[in-house]
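Convention: sequence-line order gives letters A, B, ...; per-chain numbering from 1.
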Amino acid sequence: MRWSQLFIPTLRENPAEAEVASHQLLVRAGYIRQLAAGIYSYLFLAQRSLLKITQIVREEMDAIGAQEMLLPALNPAELWQESGRWDVMGDNMFRLKDRWQRDLCLGMTHEEVMTSIARGELRSYKQLPQIWYQVQTKFRDELRPKSGLLRVRQFIMKDSYSFDLDPAGLDVSYEKHYRAYRRIFDRCGLRYLVVEAHSGAMGGSQSHEFMLASDAGEDFVVLCGKCGYSANLEKALAHSSAPQEGDPAGDLEPEQFHTPGRKTIAEVSEFTRLPDTSQIKSLVMTADGALLLVLLRGDHQLSETKLAGVLGAVEIRPAHPEEMRKLLGADAGSLGPVGVKNVRILADSALEKRRNMIAGANRDDYHLRNVTPGEDFTAEFHELRQVAPGDTCVQCGAAVELKKTIEIGHIFKLGYKYSESMGLRVLNTAGEEVPVIMGSYGIGIERILSAAVEQDHDGDGMALPVPIAPFAVVVTPVNSGDTAQRQAADDIYQNCLALGLDALLDDRDERPGVKFKDADLIGVPFRITVGKKLAQGKVELIERRGKKLSEVVVADAASEVRSRIAGAMPALAQG
RNA sequence: CGGGGCGUAGCGCAGCCUGGUAGCGCACCUGCCUUGGGCGCAGGGGGUCAGGAGUUCAAAUCUCCUCGCCCCGACCA
């Protein structure tokens, strides 16, 4: 296409509101414009790129036998009430009423609609397995949209759903998705991680997330460099680091001491001259309305996800100050487990077998020393803490590291949650009616674009991978007033098109600097510059990544680009 | 929902404290010039100063309210 006729509104300066690189660059390069908080218009370049991403996704989904559909974004409330998620989703769901005052919502995901289709039509095990998918706009009323296209309120998702007769069948569908996802992200040129994930409010057992390491991300992943263990922080397990100081030996009795004004672990540590690891952190939480006392080692953080998992609870929150005082008779900062009878006590496993630690006394400004779990109080021990740097791998014992990541894909084994609540059953070979076992699999289309920008950019702009760049190559005559250059550039451009390359001709009447800057900014992987060397029959070929420059003869320019693309991505040759 | 910040031309910002003609850079239009990294010169167009109410002879500027947007935290299939 000819640049002079395109709408590519590039900006010289970064938009004031953009913080992360992908946001700044997508706006500056004229890909997107914001319409409202977390709502974006995708202009020509973004749409081109998103269509390429979607095409890759389609090809790989089709390759595992998945069937594409398109479901309504506008859903009736009853459907979501059936699965129970009308209430669970809370304010994250966009809700509206029609002219008859009937409740409707905008779909955040489509388990309900898919299940409702399936239950009307799937009757026999002979019709299974099925994998259905769509590429559809989703709506989530995020508390805080941010980071450009990374956290938005309206976005495009490829979501697929598998229906199988039994867990073994689900394993197969899950595995197919796992492999398809790897191919999709490979083809998109992303360097990603696959980690074990928490299945959250979706319910279900196994789950993996596909993550791309980036400081712009919002999820933490725990990684073991030695054995390859990797998991989302919400779910990750690790052995706790050893206490900084050994516990005093002996069967000592708890002993109260005055700690005026010392409330935080750090303050009590300083006062007692014992490290954080010798303190017991006591948190009063409520789980689905019931109060409980949660104990952790002083330096550890509670994982609410793990706590919710242990309790089977949906809503977890810290208790209010009045609730704490009513329950234990003191304010936060002086709470502890000794003598507490009226509430369930859960302790993190890092407190097991510890002795003579420091804890709050349930009396304002007093603590206890010589508190021994299991003797001075009883608790249920579970792994409740968040993994921290310095912890060691459960598989191999090496130190684990934490990485910030962007989630680009997520696959779940749903189990029977929706088939049971919504009555999706088929007859098995024995003629018995059994619920269908389901899986759910999502890919954020815009997140692939954003993640690619985060992954590959420099001070001049984006350096997108060829398969998802809006154009593969741009042909740039240096001097638009020079007829020979213009003609040669046009010829090369036509050659590129003839070879099937997605080519752009920068025929604008601009100074060379402007054209170079714009080409770098929008991230076209190859540039053919037609300039002074044309007199010797040569042009320059520049790779956007690394700005590698070489000279080629005019007639070979297009084919050289094609062969470099093919050479860089052998896996793509067979598509 | 807690904390912080911002709203002045399409974009980036100054002006506000100390009330009195609305400004700068980029972009845009016209002409000339120039052509290997956002060129130069000259001329020009473009503003309900987020909205509302108040104080005042006079409000972008002071006061109050509302809305929008961004950031941190909490939250997140």
Side-chain angles (χ1 to χ4, degrees), chain A residues 9-20 23-24 27-28 30 33-39 80 83-85 88-93 107-112 138-148 150-153 155 157 159 161 197-204 207 209 217-220 232-234 301-302 304-305 308 314-318 320 407 409-412 414 417-418 439-444 459-461 476-482 485-486 506 508-521 527 529-534 539-540 542 547 549:
Chain A
T10 58
L11 266 30
R12 192 183 290 237
E13 289 166 285
N14 273 325
E17 72 275 6
E19 199 90 341
V20 302
H23 187 194
Q24 295 177 339
V27 174
R28 264 193 70 200
R33 286 295 183 263
Q34 181 170 323
L35 186 61
I39 304 178
W80 290 75
S83 70
R85 293 208 295 180
V88 173
M89 291 307 188
D91 289 337
N92 271 347
M93 185 148 73
M108 309 174 69
T109 168
H110 280 77
E111 281 79 7
E112 281 81 357
K138 309 285 183 197
F139 299 89
R140 290 182 196 176
D141 196 359
E142 291 287 346
L143 217 42
R144 192 155 80 78
K146 61 173 186 177
S147 305
L150 286 176
R151 178 151 297 268
V152 289
R153 297 195 292 173
F155 58 99
M157 188 166 102
D159 50 321
Y161 306 87
H198 176 71
S199 43
M202 297 291 295
S207 173
E209 283 172 330
E218 311 183 282
D219 288 304
F220 281 94
N232 190 302
L233 180 61
E234 287 183 330
Q301 297 287 317
L302 173 66
E304 290 194 14
T305 311
V314 175
E315 199 201 323
I316 303 271
R317 63 164 173 85
H320 300 309
E407 178 186 345
H410 199 163
I411 58 179
F412 293 90
L414 287 177
K417 178 177 159 77
Y418 296 90
S440 161
Y441 318 86
I443 290 180
D460 291 318
T476 308
V478 169
N479 185 341
S480 53
D482 183 320
Q485 283 186 18
R486 258 201 342 252
D506 196 348
R508 294 176 297 168
D509 185 16
E510 289 284 357
R511 298 184 53 87
V514 173
K515 293 191 269 197
F516 296 155
K517 288 283 185 194
D518 275 344
D520 288 348
L521 181 59
R527 187 178 85 219
T529 305
V530 182
K532 287 177 195 145
K533 295 274 169 54
L534 182 63
V539 292
E540 284 168 7
I542 297 102
K547 303 275 175 66
L549 187 151

Protein-nucleotide distance (Arg33(A), atom CZ; G10(B), atom P), rounded to Å: 14 Å
Rounded to the nearest Å, what distance is computed from the CZ atom of residue Phe139(A) to the C1' atom of nucleotide C76(B)? 18 Å
Sorted by chain and number, sequence neighbours left out, side chain to side chain contact (heavy atoms under 4.5 Å, CB included) with Glu304(A) holds for Met285(A), Leu302(A), Ile316(A), Pro318(A)
Could you measure between the two P atoms, the one in G5(B) and the one in C11(B), and give it in whole Å? 24 Å
Separation of Glu13(A) atom CD from G10(B) atom P, in whole Å? 15 Å
Per-nucleotide protein contact string for nucleotides 30-37 of chain B (B base, S sugar-phosphate only, - none; heavy atom under 4.0 Å): ----BBBB
Could you please name the partner base of U21(B), counting Watson-Crick and G-U wobble pairs only when both distances are under 3.5 Å? none
Atom-to-atom span, CG of Asn92(A) to P of C1(B) - whole angstrom: 14 Å
Reading 5' to 3' through nucleotides 65-74 of chain B, protein heavy-atom contacts under 4.0 Å coded B for base, S for sugar-phosphate only, - for none: ----SSSBBB
Checking His23(A) against Lys146(A): is there a side-chain donor and acceptor pair closer than 3.5 Å? no
Determine which nucleotide pairs with C69(B), using a 3.5 Å limit on both distances of a Watson-Crick or G-U wobble pair. G5(B)
Partners of Arg28(A) by salt bridge (charged side-chain N to carboxylate O under 4.0 Å, His left out), sequence neighbours excluded? none
Counting C-beta onward and ignoring hydrogens, is there a side-chain heavy-atom pair between Val539(A) and Lys533(A) closer than 4.5 Å? no
Short heteroatom pairs, N/O only, protein and nucleotides 44-50 of chain B, under 3.5 Å:
none

Could you pull out all residues at least two apart from Glu112(A) that satisfy salt bridge (charged side-chain N to carboxylate O under 4.0 Å, His left out)? Arg85(A)
Given atom CG of Leu233(A) and atom P of C76(B), what is their separation to the nearest angstrom? 13 Å
Verify the distance criterion only: is there a donor paired with an acceptor across the side chains of Thr109(A) and Glu111(A) at less than 3.5 Å? yes
To the nearest 0.5 Å, what is the distance between NZ on Lys517(A) and CD on Glu510(A)? 14.0 Å
I need the CD-C1' distance between Glu142(A) and C75(B), as an integer number of Å. 9 Å
Residue pair Val478(A), Phe516(A): steps toward the side chain to side chain contact (heavy atoms under 4.5 Å, CB included) verdict: CA-CA 9 Å; Val478(A) 169; Phe516(A) 296 155; 4.1 Å; yes
Establish, from distance only, whether the side-chain atoms of Gln485(A) and Asn479(A) form a donor-acceptor pair under 3.5 Å. no
Distance, nearest 0.5 Å, that separates CD of Glu19(A) from CG of Leu150(A): 12.5 Å
What's Met93(A) touching, base or sugar-phosphate or nothing? Going by heavy atoms closer than 4.0 Å. nothing
Salt-bridge contact Arg153(A)-Asp141(A) (side-chain N to carboxylate O under 4.0 Å): yes
Pairwise P distance for U63(B) and U55(B), with rounding to whole Å: 15 Å
Using the C1' atom in both, what is the distance from G23(B) to A60(B), to the nearest Å? 12 Å
In the structure shown, which nucleotide is the Watson-Crick or G-U wobble counterpart of C75(B), with both distances under 3.5 Å? none
In Watson-Crick or G-U wobble terms, with both distances under 3.5 Å, the base opposite U35(B) is none
So which nucleotide does C64(B) pair with, by the Watson-Crick or G-U wobble rule with both distances under 3.5 Å? G52(B)
Using distance alone, with no hydrogens and no angle criterion, decide if Thr10(A) and Asp518(A) have a side-chain donor and acceptor under 3.5 Å apart. yes
Round to a whole Å and report the spacing from CD of Glu218(A) to P of C75(B). 13 Å
To the nearest angstrom, the NE2-P distance between His410(A) and C76(B) comes to 14 Å
Please state the P separation for the pair G25(B) and C39(B) - nearest whole angstrom. 15 Å
